[in-house]
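To start, the structure itself, in structure tokens.
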2 protein chains.
Amino acid sequence: MSIKRKPSGRVNVTDVAKAAGVSVATVSRSFNLPHHVRDDVREKVLQTASKMGYTPNSAAKALRLQKTNVIGAIIPTLDHSIYATMVKSFQDKLAEYGYVVYVLSCGFDSNSIYDSVRLLVERGAEALLIVGDVADPDLTRYLKEYRMPVVCTYSYFDNRAFPFIGFDNYQATKQLTEYLLGLGHRNMAMLTGPMQGNDRQQARHSAFLDALKEHKSKCTHFTYESAGGYTIEFGEKTLRRIRLECPEVTAIICNSDVIAFGVLSACKKMGIDVPREMSVVGYDNLEFAEYLEPPLTTLAIPAAEMGLRSAEAIIANLKNGTEIKPLLLGTQLMIRQSSHSI
Amino acid sequence: MSIKRKPSGRVNVTDVAKAAGVSVATVSRSFNLPHHVRDDVREKVLQTASKMGYTPNSAAKALRLQKTNVIGAIIPTLDHSIYATMVKSFQDKLAEYGYVVYVLSCGFDSNSIYDSVRLLVERGAEALLIVGDVADPDLTRYLKEYRMPVVCTYSYFDNRAFPFIGFDNYQATKQLTEYLLGLGHRNMAMLTGPMQGNDRQQARHSAFLDALKEHKSKCTHFTYESAGGYTIEFGEKTLRRIRLECPEVTAIICNSDVIAFGVLSACKKMGIDVPREMSVVGYDNLEFAEYLEPPLTTLAIPAAEMGLRSAEAIIANLKNGTEIKPLLLGTQLMIRQSSHSI
DNA sequence: CTGAAAGCGCTTACAG
DNA sequence: CTGAAAGCGCTTACAG
């Protein structure tokens, strides 16, 4: 059988049907309802299709079936490894079920995700994973009207428009701060990521302030916010500022191990003994945390698990209509250095 | 005007047309050929559409226009920050032109990407970014038959099926090895990532061996391959093995700064003075490299630039049919520690 | 400037 | 078991 190709462009069902001497219906059935087609016919169709390099057109399929198998994910940035980890596990799980994930990075301000959501809706996203809360009421209404299944992640609130599958940034930081208070520290600094429209950072900061407030003794606190994301450089520079601006600080909470890396590095250069003169704690439990000198006390967050659980919830919702239930995942304080304040 | 919604599902052109009292053609034109529609009519259509929350269906659009605005990217893993950086710049550039990027992680073995490519073709990818060479001849034929614009990246070869926009791993490693030879090192080890089907690692390894071979003096060399990717742990453990198995080694090339981190960490723990007793060099110039102790000599690779240039080449090809030309990007050896062998 | 109609590629209810 | 036909939502050449 001589195979004819179109002068350009892809081979479609019609081409395969002609070449195999059957109708397009039979070609389609051979792929999607194989047991509805006589064995020898199906065999021939499949072989012909394979020989011609037929690849189904998923736009046409999506249009016809009203199902795209596309899931959207909106994250602040791929550049931060913790998001990459989460997205990877999310994606890997969904791929098992034939879904493809569109990942959009949109910065840290959750007020600016409207356009990203629109884009994903346009692309036919059947469900959305969003880092942080959906703060914009217009956006909430829009998503509700579409009956769009939405999982918010990386935070945990139980009074919001959409269910969260994440962890409690407030409680985690409270624990971290109380740990430092327990060691006797009274003058602390927190180094945060961008706070604007960022409920994770805001929750951590509130927890930090509240923990100190609740404590009877007189405490002082300082906050340094990174404009540009989570970098070693920010930690390095800020430690130097802290020594100038508030030398009484004996403990520093960094909202990322990356920042803590910079703080430790600067301490070393300035001859500040960690942890005896300065306690430094981080967030994320990145691989390097335990290899730093001294090993970094850090708050392990369930990055891969958030991706996995979110994927599972979405799959159950899409396949069986199972409601997406909020899920509070645990964090773990990895104590690797501990020293009382001097 | 009272807005009717469908009981479920999305609002489409027909709904908007009815609500605005015009034909679907006019609705479509109002969006895509606005100057072909009378001002007041267009105004009304756009307002109605907005009020109803109309979002165009890109599957239908793709089917009709035979254009998906989807680009595919096949990378080993998102977990390695250098790939995340590349993908991010690739994605950001393409987003400016209305393209959306599907990212598939497929491990390090380029022989296993056939399925990923099929999936992306099915999804209507108009062009592909592939990390490494397309080694599989079947896959090459398949892509050629589809006239699929393909950019290979992260490597550079000029005799392959598809153009590369990347850097020369062989030359870069040659330079690195010769630098160490120049310092007097004669007994070296290379710590690689997974080699199977991985032209980047293979090229680096060949360069390592060749550089030593070309050198007149008698050299010894050792290779340790990480099965599980680029981890600190691999570097840490391997340094310990090296001390046992080939204690004459005075210089170690790590094919990732992450691995070098582990080697440095182990050296510190074992009391091995870097760089006086042991030279350690890395790859990638990750942010932490200059903050390590001692600062890490490393080969900076143009991760963001690869993403950007690849995106530009693809855009030019898709918009104007401009042929995708190979582009050899530079690397830079960042010398931060240097010590002659003892 | 506007509308009716064709058609992109696919799947499936319907008829045989 | 198989085929002809309808229709998913969209855009545009064609006709007015």
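Below, read A as the first sequence line, B as the second, and so on, with proteins coming before strands; counting in each chain starts at 1. Bear in mind that the values here come from a model prediction, so they are computed numbers and not experimental data.
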>> Dot-bracket, 5' to 3', for DNA chain C please: Watson-Crick or G-U pairs under 3.5 Å, [ ] where pairs cross earlier ones, | where the partner sits on another strand, dots elsewhere.
In response: |||.||||||||.|||
Identify which nucleotide among [options] has an atom closest to any side-chain atom of [X], counting heavy atoms from C-beta outward.
X: Arg38(A); options: dC10(C), dC1(D), dG9(D); value: dC1(D)
X: Ser23(A); options: dG9(D), dC10(C), dG3(D); value: dG3(D)
X: Gln66(A); options: dC8(D), dG3(C), dG9(C); value: dC8(D)
X: Ser28(B); options: dT12(D), dT2(C), dA13(C); value: dT12(D)
X: Val13(A); options: dC10(C), dC8(D), dA13(C); value: dC10(C)

>> Assess the residue pair Tyr83(A) and Phe90(A) against the criterion (ring pair (Phe, Tyr, Trp, His ring centres under 6.0 Å)); give the C-alpha distance rounded to whole Å, side-chain angles, the decisive distance to 0.1 Å, and a yes or no.
In response: CA-CA 10 Å; Tyr83(A) 294 122; Phe90(A) 184 68; over 10 Å; no
> Counting any heavy atom closer than 4.0 Å, what does Tyr54(B) reach on the DNA or RNA strands: base, sugar-phosphate only, or nothing?
Replying inline: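 Answer is sugar-phosphate: Tyr54(B) comes under 4.0 Å of backbone atoms only.
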>> Does Thr26(A) reach a base, just sugar-phosphate, or nothing at all? Heavy atoms under 4.0 Å.
In response: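 Sugar-phosphate contact only - Thr26(A) comes under 4.0 Å of backbone atoms but never of a base.
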> Is it true that Phe162(B) and Phe157(B) have ring centroids separated by less than 6.0 Å?
Replying inline: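 No.
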> Hey, are Thr55(B) and Tyr142(A) close enough side-chain-wise for a donor-acceptor pair under 3.5 Å?
Replying inline: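 Short answer, yes.
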> Taking atom types as modelled and ignoring hydrogens, do the side chains of Ser155(A) and Asp199(A) form a donor-acceptor contact shorter than 3.5 angstrom?
Replying inline: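 A pair is found: one side chain offers a donor N or O, the other an acceptor, under 3.5 Å apart.
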> Start at the 5' end of DNA chain C and walk down; is the nucleotide closest to Leu65(B) or to Ala25(B) reached first?
Replying inline: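 Here Ala25(B) is the residue nearer the 5' end.
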> How far does the P atom of dC10(C) sit from the matching atom of dC14(C), given to the nearest Å?
Replying inline: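 The answer is 23 Å between these two P atoms.
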>> Quick check for you: to the nearest 0.5 Å, what is the distance between Phe164(A) atom CZ and Met306(A) atom CE?
In response: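 Rounded to the nearest 0.5 Å, the CZ-CE separation comes to 12.0 Å.
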>> Heavy-atom nearest nucleotide on DNA chain D for Ala60(A) versus Asp39(A): which residue maps closer to 5'?
In response: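 Counting from the 5' end, the first nearest nucleotide belongs to Asp39(A).
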